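So the structure is just underneath, and the comments pick up after that.
Bear in mind the structure is a predicted one, so any value in this text is a computation, not a measurement.
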2 protein chains.
Amino acid sequence: MNAGRTARDRARAELTHEIKAAARRQLATEGAERLSLRAISRELGMVSSALYRYFPSRDDLLTALIIDAYDALGATAEAAAQESENDYPWDPLATWTAVCSAVRDWARANPHEYALIYGSPVTGYKAPQTTVEPASRVPIVLLGLLSRAHAEGWLSPLRSAPEVDGVLADQVDVLAELAPGVPRKTLLRVGIAWTQLFGMISFELFGQLVGTMDPADEFFAAATRQMAEFIGLRRLAAVGE
Amino acid sequence: MNAGRTARDRARAELTHEIKAAARRQLATEGAERLSLRAISRELGMVSSALYRYFPSRDDLLTALIIDAYDALGATAEAAAQESENDYPWDPLATWTAVCSAVRDWARANPHEYALIYGSPVTGYKAPQTTVEPASRVPIVLLGLLSRAHAEGWLSPLRSAPEVDGVLADQVDVLAELAPGVPRKTLLRVGIAWTQLFGMISFELFGQLVGTMDPADEFFAAATRQMAEFIGLRRLAAVGE
DNA sequence: CACTGTCAAGAGCACTGCTCTCGGTTTTGT
DNA sequence: ACAAAACCGAGAGCAGTGCTCTTGACAGTG
């Protein structure tokens, strides 16, 4: 458990970190599929075969990068939420937009790592179970925010929305475990907003918006605001309505 | 102009088609980034260098596959819209959901071609201008549907939605050219619904929904319905409201 | 000191995209 | 009808890839 038990352990941890850093650098210039172990080893001044002592295969290195990316994005979202949660009076709509913007900003700052986790999956690469926990950090932030907003009376009842039943009700209920008390109607719409958020970011990053919403700042802001209203997050001034 | 003017032209067209077919087959088993010209040539019983007579580079082959995919998806969407447009009385909400479902079904039937056009862009590959026209066929279908719906009084005025101004108004106005008469508020929401649709499909195909909305049929149906209402498409019974 | 596990190095395999040259065929212009 | 031009597939070859295997050197522990 001790991080630097022996000199060998320390050297190994350090080199592992350096390999991932070089891989990330290469990810930015060459892309995920052209990630080359030999190029990394060249950059690090070592022989290619030595890399296999640290990552048994190219896929294992990819897995490490994917987990790191999920964790970095998750930490960004958590930080944005945290920063906004302490305001008084707390404004869940502001927190919602802050988290969404933080996710977008991270994606724009790290487009290749974003593509690695939210783009088309690398073929022949089977994501191991270890990736699902870091992948769920962003949804957990959003659901936690919703849960607190509900507890404090910030959620509209969505009277006009249809009831959620059947298979969908069961599926929505697994979200409810992370957002106790939030009604199904709201949770379903959170799922819709969730896919909208990442769909929009992917479109922006992957060039699907050029010609229309290309500088996407205003589109993103408007969409985020309207989706927040869609799921029933009230504006600060509108609590008692 | 004549398709089979000479024997050589005919042979060339046929071989071009066979190469793309083999490439598509390999796309399904190996993925876009592992698409190998040598493997294609092996499958076709020819020498690898001969392929370069038909596609000057791997990127050119990819471009052809991308254009074909956009065209196939566009044709699917157009067919779905056409089929629903002729119903009487015409129900634009039904057409909307039909087009969305058709897009999803095509994506599920051709996941690798979908990933090719809506997944992370292949690194080092610069999409030429020739791809934008086939890429716009689906948006054109949706906007045309909205335009007709507006002309026939099927669109709610979206009174509670905020005004669209500034840069966003200009961006939305380029959509307006494809959907004459449709108000900005509606067009902005169409953009939001558009990103939601493809975000949802991508999440389903790329495995981001497992653990929650995994069999996504009901989620998809509910989301499509609610997004249609979001953009103001009225239900058939609610025209006069 | 000796043993055990870890390390970098290097050769080697089968593969990739791509280029170039070669001889043969087809199409085209006159 | 015939020569010139365009096109074609075959093959060799280049520089690069992921990955495996063996070899010899080193550090940590008994």
Is any side-chain N or O of [X] closer than 4.0 Å to OP1 or OP2 of [N]?
X	N	answer
A:R42	D:dT17	yes
B:R12	D:dC8	yes
B:Y54	D:dC7	no

What is the distance, to the nearest angstrom, from the [atom1] atom on [X] to the [atom2] atom on [N]?
X	N	atom1	atom2	result
B:L44	D:dC8	CG	P	15 Å
B:R8	C:dT25	CZ	C1'	6 Å
B:E30	D:dT17	CD	P	20 Å
B:E33	D:dT17	CD	C1'	14 Å
B:L51	C:dT16	CG	P	12 Å

Salt bridge (charged side-chain N to carboxylate O under 4.0 Å, His left out) against [X], all qualifying residues, sequence neighbours excluded:
X	value
B:D60	none
A:R12	none
A:E113	none

Over all atoms of both residues, closest heavy-atom pair of B:D173 and B:R184
OD2-NH2, 2.9 Å
Which heavy atom of A:G211 sits nearest to which heavy atom of B:V174, and what is that distance?
O-CG2, 3.6 Å
Is the ring pair A:F198/A:Y114 parallel, tilted or perpendicular, if the boundaries are 30 and 60 degrees?
parallel
Look at the rings of A:Y118 and A:Y70 and say which category their plane angle falls in: under 30° parallel, 30 to 60° tilted, over 60° perpendicular.
perpendicular
Among all residues two or more places apart in sequence or in another chain, which pass the side chain to side chain donor-acceptor pair (under 3.5 Å) test with B:T63?
B:Y125
Does A:S101 reach the main-chain N or O of A:A98 with its side chain, forming a donor-acceptor pair under 3.5 Å?
no
Within residues 15-28 of chain B, residues whose heavy atoms come under 4.0 Å of DNA chain C
none
Measure all distances between protein nitrogen or oxygen atoms and nitrogen or oxygen atoms of nucleotides 17-21 of chain C, and list the pairs falling under 3.5 Å.
residue: C:dG17; atom: OP1; partner: B:L35; partner atom: O; Å: 3.1
residue: C:dG17; atom: OP1; partner: B:L37; partner atom: N; Å: 2.6
residue: C:dG17; atom: OP2; partner: B:L37; partner atom: N; Å: 3.1
residue: C:dG17; atom: OP2; partner: B:R38; partner atom: N; Å: 3.1
residue: C:dG17; atom: N7; partner: B:R38; partner atom: NH1; Å: 2.4
residue: C:dG17; atom: O6; partner: B:R38; partner atom: NH1; Å: 2.8
residue: C:dC18; atom: OP2; partner: B:Y52; partner atom: OH; Å: 3.4
residue: C:dC18; atom: OP2; partner: B:R58; partner atom: N; Å: 2.7
residue: C:dC18; atom: N4; partner: B:R38; partner atom: NH1; Å: 3.4

Within the 4.0 Å heavy-atom criterion, would you say B:F55 contacts the bases, only the backbone, or no part of the nucleic acid?
nothing
Identify which nucleotide among C:dT27, C:dA9, D:dG9 has an atom closest to any side-chain atom of A:M46, counting heavy atoms from C-beta outward.
C:dA9
